[in-house]
Visitor: 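Before I ask anything, here is the structure I am working with.
All ligand and atom numbering here is 1-based and tracks the order in the structure.
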Amino acid sequence: MKKEAVIAIKELLATPKKIAIVPHRSPDGDAMGSTLALYHFLLKENHTPVVISPNDFPNFLAWLPGAENVLIYENDKEHCSAKLQEAELVFLLDFNALHRTGEMEQVLNKLNAPMVMIDHHQKPDGFATYTYSDTAFGSTCEMLYNFISFLDKTALIDKTIASCIYTGIVTDSGSFRFPSTTGTTHRVVADLIDKGINNSEIHNLLFDNNSYNRLQLLGRALQSMKVLPEYKTSYIVLSQKDLDEFHYEKGDTEGIVNYGLTIKGIHFAAIFIEHREENIIKISFRSQGTFDVNQFARDHFNGGGHINAAGGKSYDNMKDTLKKFENLISKISI
Ligand code: 5GP
Ligand code: MN
């Protein structure tokens, strides 16, 4: 982050302020972890922060300290809009294009308060007043740890803040196995453990909280997997009927796409999930090696993300979406 930006933000934070903190729509562990870590940090600094999420967060993140105070824009647009309008400073975490907040974009666009963006996705669109953007980082939470250190406030990181930061690092790094995990990542985590987090318990809360229905849905997903060895590609399909049958809850499909990549010789995996209410097919892409799924999602499926992990959506029906996908991959080299 530029020195001038740090100085300006320090000045803004020198007096108590009403501060809104916003994650992207359908927030994941990194979005929730970073916004709540910042929330607790700002509370300690005598500000009045509020986390406003565009829509609800998955159940497996409900244990995060402060999650009960998160406002959900979709559930109370008037109150959330008022909170955004009265904010004297706005933090936007784990996304870099305003449309990632869905409908909230219209409210955010009209705000006059200075905005700080902290994010690790490709191609920031430059809407914020101050930007800390670096695609080399595996998570926004690791960047938030740095951000707190830029403010010379690392000493304020307590067990609560550390638990939130750890959650984002562990979820976005696939439990420290993705290539973006560095020595520094581990050194940050070492410090978080020294601050008293219970890393083993956090793991349990995040990953060993399956419902029977979720595992059955996973079974259905794996059964649906199609493998195209000639294109080093595999994909999974879940229809709305599948979701209904296993009483889908937010978060139930998290991580399923990764199974496709565990097949020997497969370098590109996708999952297509029908969301009939929104009339879209939600897609996740994962790759191993140099195939850039961020670019693929941007070019063909209204999305984006990182080189090895991206998401997107299709407004066609499932049959046409899959036809388009198969056609595309037959023409590119993976
Ligand atoms: P997931 O497949 O887990 O939803 O997302 C993978 C990565 O791509 C995450 O970092 C997520 O923030 C990003 N991503 C998912 N959907 C979109 C999208 O529609 N647009 C952009 N720019 N990024 C996305
Ligand atoms: Mn992230």
Visitor: So, for F325 and F272, is the gap between ring centers shorter than 6.0 Å?
Guide: yes

Visitor: Under 4.0 Å, counting heavy atoms only: does A97 come that close to any atom of ligand 1?
Guide: no

Visitor: Does H121 come within less than 4.0 angstrom of ligand 1, counting non-hydrogen atoms of the residue?
Guide: yes

Visitor: To check your reading of the model: name the closest protein heavy atom to atom 7 (C) of ligand 1, its residue, and the distance in Å.
Guide: A309 O, 3.6 Å

Visitor: Hey, does K282 sit under 4.0 Å from ligand 1 if you only count heavy atoms?
Guide: yes

Visitor: Short list, please: which atoms of ligand 1 are under 4.0 Å from a heavy atom of G303?
Guide: 18 (C), 19 (O), 20 (N), 21 (C)

Visitor: Between I21 and L42, is any pair of side-chain heavy atoms under 4.5 Å apart?
Guide: yes

Visitor: Treating D320 as the side-chain partner and N317 as the backbone partner, does any N or O pair qualify as donor plus acceptor under 3.5 Å?
Guide: no

Visitor: Which ligand 1 atoms does S284 reach within 4.0 Å, using its non-hydrogen atoms?
Guide: 1 (P), 2 (O), 4 (O)

Visitor: Out of D134, D94, N96, which residue meets the side chain to side chain donor-acceptor pair (under 3.5 Å) rule with H120?
Guide: D94

Visitor: Aromatic rings F147 and F150: how do their planes relate, parallel, tilted or perpendicular, breaks at 30° and 60°?
Guide: perpendicular

Visitor: Answer side chain, backbone, both or neither: which part of R286 comes under 4.0 Å from ligand 1, heavy atoms only.
Guide: side chain

Visitor: Going by the angle between their ring planes, with limits at 30° and 60°, are F176 and H186 parallel, tilted or perpendicular?
Guide: tilted

Visitor: What protein N/O/S atoms are found closer than 2.8 Å to the Mn ion (ligand 2)?
Guide: D30 OD2, D94 OD1, H120 NE2, D172 OD2

Visitor: Between N146 and E142, does any side-chain donor sit less than 3.5 Å from a side-chain acceptor?
Guide: no

Visitor: I need the atoms of ligand 1 closer than 4.0 Å to a non-hydrogen atom of G304, numbered in the order shown.
Guide: 8 (O), 13 (C), 14 (N), 17 (C), 18 (C), 20 (N), 21 (C), 22 (N), 23 (N), 24 (C)

Visitor: At a 4.0 Å threshold, what atoms of ligand 1 neighbour a non-hydrogen atom of H306?
Guide: 10 (O)

Visitor: Name the residue from K195, K153, K44 that meets the salt bridge (Lys or Arg N to Asp or Glu O under 4.0 Å) definition with D158.
Guide: K44

Visitor: Please indicate whether any nitrogen or oxygen in H99 is less than 3.5 Å from any nitrogen or oxygen in ligand 1.
Guide: no

Visitor: Would you call the rings of H24 and H121 parallel, tilted or perpendicular if under 30° counts as parallel and over 60° as perpendicular?
Guide: perpendicular

Visitor: If you take all heavy atoms of I334 and Y231, which pair is closest and at what distance?
Guide: CD1-O, 3.5 Å

Visitor: Any heavy-atom pair between the side chains of F296 and F301 that's under 4.5 Å?
Guide: yes

